Each structure stands twice: as C-alpha cells, then as structure tokens.
Trainee: 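The structure follows.
Residue numbering restarts at 1 for every chain, and letters A, B, ... go by the order of the sequence lines. Just so you know, these numbers come straight off a predicted model, no measurement behind them.
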There are 2 protein chains.
Amino acid sequence: MHQFDEATAIEVVEAGARYAGAVTEDWSISGIPNGGYLTAIAMRAMAQAAPHPDPFSVTTHYLRPARPGPVMIDVAVVRAGRRHATVEATISQDGEGVARVLGLYGDFSAFAGPTLVTGTPPQLPDPDSLPSSLTIPGLPAIARAFDLRLDPDSTQGILGRPDGRPEVAGWVRFADGREPDTLSLVTVADALPPAILNLLTARWVPTLELTVHFRGRPAPGWLRARFATRFLVEGILEEDGDVWDSSGRLVALSRQLALVQESHGETPS
Amino acid sequence: MHQFDEATAIEVVEAGARYAGAVTEDWSISGIPNGGYLTAIAMRAMAQAAPHPDPFSVTTHYLRPARPGPVMIDVAVVRAGRRHATVEATISQDGEGVARVLGLYGDFSAFAGPTLVTGTPPQLPDPDSLPSSLTIPGLPAIARAFDLRLDPDSTQGILGRPDGRPEVAGWVRFADGREPDTLSLVTVADALPPAILNLLTARWVPTLELTVHFRGRPAPGWLRARFATRFLVEGILEEDGDVWDSSGRLVALSRQLALVQESHGETPS
C-alpha cells in the first residue's frame, strides 16, 4: 500500500454517513497537516457516499488547524441528480470541526461535448535536470512524500533572492511511485511553496478556503503544476494553480484564499 | 428602495436560522434566474447569521434550476472564530433544495498586512462611448436591470462573428443608480454573457458551481469586469473573472464551473 493511500485510509463507522481516519505527519508543513491532504481524507469519505465516480469541483473551508491524530468524517448527499451530485463532508477532531467540504461529483466518461483549449502548460526544464526535493535537507515533510522538481527560475525569491515574480512551477510525483489520480490532485494543488514567498518573507501562509476543479483523470507519470498570486491586499491573497498530466492535458484548476502571517503560532481564526 | 434590494429582500421566519424571500423575474436569462442573483438572496440570510460584516469567499452549488417565486433560506453558522466565520445556507423552493452555499465572513477593516498587486484592470473604452444594454432590444432581463457597457472587441463572437478570443469585458452598474456593494458583486460576477460564446454557439451555459472571493468594499460608480475561459473540455468549462471598482481597486475574483448545452430545456442535473 502506498504512503498516500495509507495516510488517507478510512474505516466505516456508519455506511454513507460517518467514517474514521487518521491524519499522519507525513503531509505536513512545519508540523501542520497540509490543507490539500486534509481535503483528500474528506474526499475518501465523500466518494463512498457519492453516486458518481469523479470529483468535478471541491471546496474546503478550513475551520481550525488540524493536528496529526484521529479524525471523524461526516458525509451527506445534498442532492443526487442523474448526471451529477453534490456531497458535503465535515472533518472533526475531538468533536470540533476542522474542515467543511462541499463537492460536486459526476462521471467524466458520461460527458461529451466540444473541446476548445487556449491555455498552455508551463514550459519547464526536463525533470531529470532539476534537483529533487528528496535530496534537499531541511524541507517540510510534504517535500519528502512528494518528489518535487521545481523550476529554479520560479523559486529565486523563496530561496532568499526575491525576483519579483509571484509564480512557482515544477514537476510533481509521489516519492514512492504511486501514480496520480483525481484524489491526489487535490493534495498536489496545495503542495508547492506559496508563490507569494517570491515577493516577501512570511512564516506561514494558512489556507482559508481551497477550491479545486477536476478536469480529467490524470495519465500516469509526472504532473506539471504552476501557481501564481496576483493580488495580495492587506495580508489576504489568492493563489491560482493549474495542474497538467504527462500527456499534456489540463487535469485540475485550483484557487485558494490565504493569509500571510508572520508567525506559525497564530491560528487563522 | 432599489430594484436589487427589493429582489433580494428577506423576512425572518426564525432569527439566525430561516428566512423567506422571493425570486423575481428581473435577474433572469431566458426566464431562468441568474445564479449570481440567487447567491445574493442566500447572502442576505447569511449576513443575518454571520458574526462578521464582510463576505470573504462564497461558493454556491446549483442543485436545480430555480423558478421565479417564493424561496426559503436555511442558514447555520458552521464555525465562528474571532477573525472570521464559516456560514452555510440552503435555498429551497417547494421543499426542494435549489442551491447550497458555503461562505467565509470576516471584517475587511480588521485585517492589516502587506499589499502587493501585479494584476491590472481591463483597459476599456470610456463607458459613455459604448452602447448601453438598456438601449438594445431583445436582451435578457438581467441586461435591463444592469446597465452593461461591453467592450465591442470582446463580443464579436457573441454577436455572430467569432473572433477566437474567449474573453468578455465591460463596465457594469445598476440601471436604477444603486451603488455597488459586496452583496451585488456576486451578481455582477455572473451577469455578463459567457465568454465561451465568442468561440461557439450554445443555447445555455448553466453554472454548476460559482466561487467568488471578495477583496474589498467597492467604491461608488462604475465597476469594470473581465471574464475569460481557457479550458472547455467535453462540454465542461471554467470561467474566471475579475471585478474592479471606480477607484481602480480589485474588489472580486470569480471562478465558475459550467456546462455548454444546446438547448434551454436540459436541466444541469
């Protein structure tokens, strides 16, 4: 069993309604479990309740910082339609809500219609030419669970040489060779260092709300991802991302609302 | 009382929990009430329950097409924190859920931090030089409730001369002179013709999910808005928007997931 599947595994407490899981420390940044990872745990439970196989859109509101340890996930189908369904989930720890998730599920293979794409994937150096996060000491746990190969042009500021461009791009795959799927895309969408760190120093950039649109099931192999921030206003920012699979298809769009904070200890609420 | 305030007015059924309202025909497209307008009705009720004054992020899942007529709005505070709170709402008609909304509320005036902006507003001709939607016959009801002054360069395809650029931009204000506020921004974010219509003909582009980030309280006067689609895949698309106030400040970012459909009659579910 792969590390990500172990870390998002759930057990049935009440079928279609309540599941138990556990937050591991392997997908953390400075000891705080990553928001995209938490959402993946919720999506494990939502997939059990959803009458359609694929997530189309998932929004998470982070209510409190989570801690490594047991979680409960309560799920409910808000509306089940013929072509898609809305499902909600609440992750809680010690009886307190940690995240509220609202998701739209459908079936990619049941949709047919026109395709017109004007967006293009990030142009990146070959992954074999880039340093792997697995070989760089001192990075957060999540950079050991994912093999990240970031474009050095997009991390100058993060490495202490601000280059004025709030964009981060790179290659991503699981360190243990697990292939990507829609579930893992939500974690990829929150796994790179915040693009705003190319412009300023912040101790913590907690996510308040994360929405991911899933646009297809990813092909095996490397994913390419690019994240950018255009508007930091009074300490509040958006980060927009797109994730592409090895066949050159867009597979996810993400947008999050986050805060720039000077210290880890501050809670986002 | 202005038209928009009448059309979003609610009455208390149970304070902080249940409100009654009515969907008018004035904010419709082909007789179907606009999704951004429905969300504004929900936000009237959410504002009654929220312990903080400003919406920061609101996500709506559209469950069924709404009809003009009475609605009930059930609201609940998911989590109330010191700095922000998550609130949910369900709009229903005849006991059936029409929309589920999840919103983050805070207080813009209580946030302070760095501001760094790299995005720029759309460059548009002077609104006085552009035709007003109020003077163009045959447009949907919503184009009589808003005074829309669209950039003709961005509507060539919509007018039957596809120009290959899936972007629509223009000026927006209420037809009756009501000034913009955060509540109205969510309706503006869904009020322009879909950008994808510059590339293809579709009878209906129903919104499945709409997320709006509110980034400030708008100044009085014209709003500028720009919407673009990069990825239409098998009939499913995203539309990203940004809305700017008369002082040149970004006040909202929107993203929706929508479908291209050939006929009005099809329901999105």
Trainee: Can you tell which of A:Ala228, A:Ala202, A:Ala85, A:Ala112 has the highest number of heavy-atom pairs within less than 4.5 Å of chain B?
Mentor: A:Ala112
Trainee: Any salt bridge (Lys or Arg N to Asp or Glu O under 4.0 Å) involving residues 100-111 of chain B? Give me the pairs, sequence neighbours left out, ordered by first then second residue.
Mentor: A:Glu88-B:Arg100, B:Asp107-B:Arg217
Trainee: Of all of B:Thr115, B:Leu232, B:Val233, which one pairs up most often with chain A through heavy atoms under 4.5 Å apart?
Mentor: B:Leu232
Trainee: Is the backbone of B:Thr59 close enough, under 3.5 Å, to the side chain of A:Thr59 for a donor and an acceptor to pair up by distance?
Mentor: no
Trainee: Report which part of A:Thr90 has an atom under 4.5 Å of a heavy atom belonging to chain B: side chain, backbone, both, or neither.
Mentor: neither
Trainee: Counting a contact as any heavy-atom pair under 4.5 Å apart, which residues of residues 239-247 of chain A contact chain B?
Mentor: A:Asp240, A:Asp242, A:Trp244
Trainee: Do B:Glu238 and A:Arg215 sit within salt-bridge range, that is, some charged N less than 4.0 Å from a carboxylate O?
Mentor: yes
Trainee: Is a side-chain N or O of B:Arg230 found less than 3.5 angstrom from the main chain of A:Thr118, in a donor-acceptor match?
Mentor: no
Trainee: Mind checking whether A:Arg255 and B:His213 have side chains closer than 4.5 Å, heavy atoms only?
Mentor: yes
Trainee: Shorter than 4.5 Å, heavy atoms on both sides: which option in A:Ser254, A:Gly97, A:Ala80, A:Gly106 has the most such pairs with chain B?
Mentor: A:Ser254
Trainee: With rounding to the nearest 0.5 angstrom, report the CG to CZ distance, A:Leu259 to B:Phe56.
Mentor: 8.0 Å
Trainee: Please check if the side chain of A:Thr86 supplies one atom and the backbone of B:His61 the other of a donor-acceptor pair under 3.5 Å.
Mentor: no
Trainee: Less than 4.5 Å to any heavy atom of chain B: does that hold for the side chain of A:Glu167, its backbone, both, or neither?
Mentor: neither
Trainee: Calculate, to the nearest 0.5 Å, the distance between atoms CZ and CD1 belonging to B:Phe214 and A:Ile236 respectively.
Mentor: 13.0 Å
Trainee: Do the side chain of B:Glu209 and the main chain of A:Ser57 share a donor and acceptor less than 3.5 angstrom apart?
Mentor: no
Trainee: Using heavy-atom distances under 4.5 Å, tell me whether A:Leu250 contacts chain B through its side chain, its backbone, both, or neither.
Mentor: side chain
Trainee: Less than 4.5 Å to any heavy atom of chain B: does that hold for the side chain of A:Thr211, its backbone, both, or neither?
Mentor: side chain
Trainee: For each of B:Ile196, B:Leu253, B:Val260, tally heavy-atom pairs with chain A at distances under 4.5 Å, and name the one with the top tally.
Mentor: B:Leu253
